[in-house]
A.B. asks: 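Below is the structure I would like to discuss, written out as structure tokens.
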Amino acid sequence: MSSSRYAAITGWGMAVPQQVVTNDDLAQRIDTSDEWIRSRTGIAERRIAGPGEFTSTLATAAGREAIERAGLSPSDIDMVIVATCTPDRPFPATACAVQANLGIKRAPAFDIAAACSGFLYGMSVGTSMIQSGASRTLLLIAADIFTHLIDWNDRNTCVLFGDGAGAVVLQATEQPLGLISAQIGAAGEGETMMAVDAGGTRMPATPDLLDQGKQYVYMNGREIFKHAVREMCDSAKQAVAEAGLSLDDIRLVIPHQANVRIIDAVAKRLEISMDRVVVNLDRYGNTSAASVPIALYEAVQQGRVRDGDYLLLTAFGGGLTWGSSVIRWGRP
Ligand code: ACO
């Protein structure tokens, strides 16, 4: 990173819905089993939004906690970014609702849509905003209610996802903290490997399309699996090299929580033992953009992260999109 200005993570927060849905709960509704879901994905249960819980409410709760942990008040925040692919409304940005909910007056607010890679994209954009001088104290939230896009009769997808939000406060500093290196990328030719067809300008939702279930997500799980392992590993190695480090310097890897077999494969290829990898998808499933900041939050709260530690964040998602970053932990 060329600038001498950095963006330290000074606050962190998370929020998940109240309702817990176990694999056995799902097995009562569709042709699946706890054994299949656990062995193929590592997931045991997930949180699913109920009435009154939507993307902005989870995002607001996570954001509020992050601001409090930073020892700040909402009036100190000068920019709000929400990474989500499941906004409250198709228009306007969910970040505007969050900005209003938190009482952050007049600060610019916008969304980033990069599916499960949203937090990684957000860290790059947010840090650049601070390096350019456009912001000094920025709230970045990654929030998704991905279960909104789920066909609950499709066992290929409905067992995989959960809902949640994770947030960080980024603050300008001259000390080398926060994002040290970042590699983000996309392969748009894989756009339909995982997608929702109806509801956009290309295929506006009609009663007929809704009857066909075109408002739900579909994906080619096996192909995504292969791409995810390759791109997470390649971008992770590039991010570590760009930071001038080796993988031995990384205290913890915080990967996107889609499937424990993807995480195992990434750790194996990077030759990092699983005790240096954060895994919490057993309790939350794949929470899309929120998965990396929720895993980061839990690692910090569990005392697994110390000041000065280098963390490797890596994610992959629909788009296709991916990103890896090296973060240096600590407050200025
Ligand atoms: N319960 C029981 N059986 C099932 C279930 C289920 N829930 N789902 C699928 N099966 C069956 C299939 O029908 C298939 O049966 P068949 O052989 O008779 O056809 C069999 O299990 C094997 O299916 P596969 O698709 O080969 O299973 P696989 O081991 O590949 O696991 C999975 C599927 C979990 C989806 C895996 O491919 C995966 O995790 N892929 C990556 C997904 C991912 O990361 N997506 C997200 C990016 S997230 C984002 O951008 C928001």
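Numbering of ligands and ligand atoms starts at 1, following listing order. Keep in mind that what you see is a predicted model, and the values were worked out from it rather than measured.
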A.B. asks: Between the candidates Gly221, Cys85, Ser33, which shows the shortest non-hydrogen contact distance to atom 37 (O) of ligand 1?
C.D. replies: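 Nearest heavy atom to atom 37 (O) of ligand 1 lies in Gly221.
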A.B. asks: Would Ile262 count as a contact residue for ligand 1, given that I'm defining contact as a non-hydrogen atom of the residue lying under 4.0 Å from a ligand atom?
C.D. replies: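 The answer is yes, since Ile262 has a heavy atom less than 4.0 Å from ligand 1.
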A.B. asks: How far is atom 47 (C) of ligand 1 from its nearest protein heavy atom, and which residue and atom is that?
C.D. replies: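 Its nearest protein heavy-atom neighbour is Met194 SD, 3.8 Å.
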A.B. asks: Using a 4.0 Å cutoff against the non-hydrogen atoms of Phe146, which atoms of ligand 1 qualify?
C.D. replies: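 Close to Phe146: 51 (C).
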A.B. asks: Do any nitrogen or oxygen atoms of Gly317 come within less than 3.5 Å of a nitrogen or oxygen of ligand 1?
C.D. replies: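 N/O-N/O distance below 3.5 Å does not exist for this pair.
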A.B. asks: Roughly how far apart are Gln183 CD and Trp322 CH2, rounded to 0.5 Å?
C.D. replies: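 Going from the CD atom of Gln183 to the CH2 atom of Trp322 covers 10.5 Å.
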A.B. asks: Out of all atoms in ligand 1, which are within 4.0 Å of some heavy atom of Val159? Include the element for each.
C.D. replies: 7 (N)
A.B. asks: Ignoring hydrogens, just give me the one of Cys116, Ala114, Ala195, Ala115 whose non-hydrogen atom is nearest atom 51 (C) of ligand 1.
C.D. replies: Cys116
A.B. asks: For Glu35, is there any backbone N or O sitting under 3.5 Å from a side-chain donor or acceptor partner on Asn23?
C.D. replies: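 It does not hold such a pair.
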A.B. asks: Does a donor on one side chain and an acceptor on the other come within less than 3.5 Å for Ser56 and Asp88?
C.D. replies: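 Yes, because at least one side-chain N or O of Ser56 sits under 3.5 Å from a partner of the opposite role on Asp88.
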A.B. asks: For atom 42 (C) of ligand 1, find the nearest protein heavy atom and state the residue, atom name and distance (0.1 Å precision).
C.D. replies: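 Going by distance alone, atom 42 (C) of ligand 1 is nearest to Met219 CE, 3.6 Å.
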A.B. asks: Is any heavy atom of the protein nearer than 4.0 Å to atom 19 (O) of ligand 1?
C.D. replies: no
A.B. asks: Enumerate the atoms of ligand 1 whose separation from the nearest heavy atom of Asn259 is less than 4.0 angstrom.
C.D. replies: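 Numbered from 1, ligand 1 contributes 34 (C), 36 (C), 38 (C), 39 (O).
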A.B. asks: Check this for me - ligand 1, Asn286, N or O atoms closer than 3.5 angstrom, yes or no?
C.D. replies: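 Among all N and O atoms of Asn286, none is under 3.5 Å from an N or O of ligand 1.
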A.B. asks: For ligand 1, is there an N or O atom under 3.5 Å from any N or O atom of Arg155?
C.D. replies: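 For ligand 1, there is an N or O atom that lies under 3.5 Å from one belonging to Arg155.
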A.B. asks: Please enumerate all residues that pass side-chain hydrogen bond (donor to acceptor under 3.5 Å, both in side chains) together with His148, with sequence neighbours excluded.
C.D. replies: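 In terms of side-chain hydrogen bond (donor to acceptor under 3.5 Å, both in side chains), with neighbours along the sequence ignored, His148 is linked to no residue.
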A.B. asks: Is atom 16 (P) of ligand 1 near the protein, in the sense that some protein heavy atom lies at less than 4.0 Å from it?
C.D. replies: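 When distances to the protein are checked, atom 16 (P) of ligand 1 has no heavy atom within 4.0 Å.
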A.B. asks: Looking only at distances, can you tell me whether any N or O atom of Arg40, backbone or side chain, sits closer than 3.5 Å to an N or O atom of ligand 1?
C.D. replies: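 Right, the criterion is met.
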A.B. asks: Within a 6.0 Å radius of atom CZ on Arg261, are there more than 12 heavy atoms belonging to other residues, nucleotides or ligands?
C.D. replies: yes
A.B. asks: Quick check: Ala258 and ligand 1, any N/O pair under 3.5 Å apart?
C.D. replies: no
A.B. asks: Which ligand 1 atoms does Thr41 reach within 4.0 Å, using its non-hydrogen atoms?
C.D. replies: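 It comes down to these atoms of ligand 1: 34 (C).
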A.B. asks: Could you tell me whether Gln302 atom CD has more than 12 heavy atoms of other residues or ligands within 6.0 Å of it?
C.D. replies: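 Yes, CD of Gln302 has more than 12 neighbouring heavy atoms, counting only those of other groups under 6.0 Å.
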A.B. asks: Is Ser288 close to ligand 1, meaning an N/O of one under 3.5 Å from an N/O of the other?
C.D. replies: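 No, there is no polar N/O contact under 3.5 Å.
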A.B. asks: Please report the interatomic distance CZ(Arg69) to CD(Gln301), rounded to the nearest 0.5 Å.
C.D. replies: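 Arg69 atom CZ to Gln301 atom CD measures 4.0 Å (nearest 0.5 Å).
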A.B. asks: What are the atoms of ligand 1, with element, lying closer than 4.0 Å to any heavy atom of Ile224?
C.D. replies: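 Reading through ligand 1 atom by atom, the close ones are 43 (C), 44 (O), 45 (N).
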A.B. asks: For the residue pair Arg46 and Ile37, establish whether any side-chain heavy-atom pair is separated by less than 4.5 Å.
C.D. replies: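 Yes - at least one pair of side-chain heavy atoms lies under 4.5 Å apart.
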A.B. asks: Is the shortest side-chain N to carboxylate O distance from Arg283 to Glu298 below 4.0 Å?
C.D. replies: yes
A.B. asks: Please determine whether a side-chain nitrogen of the Lys or Arg among Asp78 and Arg136 lies less than 4.0 Å from a carboxylate oxygen of the Asp or Glu.
C.D. replies: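 No.
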A.B. asks: In the protein, which heavy atom is nearest to atom 33 (C) of ligand 1, and how far is it?
C.D. replies: Trp36 CH2, 4.2 Å
A.B. asks: Determine, using heavy atoms of Ile37 and all atoms of ligand 1, whether some pair is separated by less than 4.0 Å.
C.D. replies: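 No heavy atom of Ile37 comes that close to ligand 1.
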A.B. asks: What protein heavy atom sits nearest atom 1 (N) of ligand 1, and how far away is it?
C.D. replies: Thr32 OG1, 2.6 Å
A.B. asks: Are Arg276 and Val253 close enough, and set up right, to give a side-chain contact (heavy atoms from CB on, under 4.5 Å), and what steps lead you there?
C.D. replies: CA-CA 6 Å; Arg276 287 165 62 207; Val253 180; 5.6 Å; no
A.B. asks: Which is closest to atom 31 (O) of ligand 1 by heavy-atom distance: Arg261, Arg222, His227?
C.D. replies: Arg261
A.B. asks: Which residues satisfy the ring-ring contact (aromatic ring centres under 6.0 Å, His included) test with Phe316, sequence neighbours excluded?
C.D. replies: none
A.B. asks: Tell me yes or no: between the side chains of Asp208 and Thr206, is some donor less than 3.5 Å from an acceptor?
C.D. replies: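 Checked: Asp208/Thr206 side chains show no N/O donor-acceptor pair below 3.5 Å.
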A.B. asks: Going by the atom numbers of ligand 1, which of them fall below 4.0 Å from some non-hydrogen atom of Gly318?
C.D. replies: 49 (C), 50 (O)
A.B. asks: Are there protein heavy-atom neighbours of atom 8 (N) of ligand 1 below 4.0 Å?
C.D. replies: yes
A.B. asks: Quick check: closest heavy atoms across Ala205 and Leu210, and the distance to 0.1 Å?
C.D. replies: CB-CD2, 4.0 Å
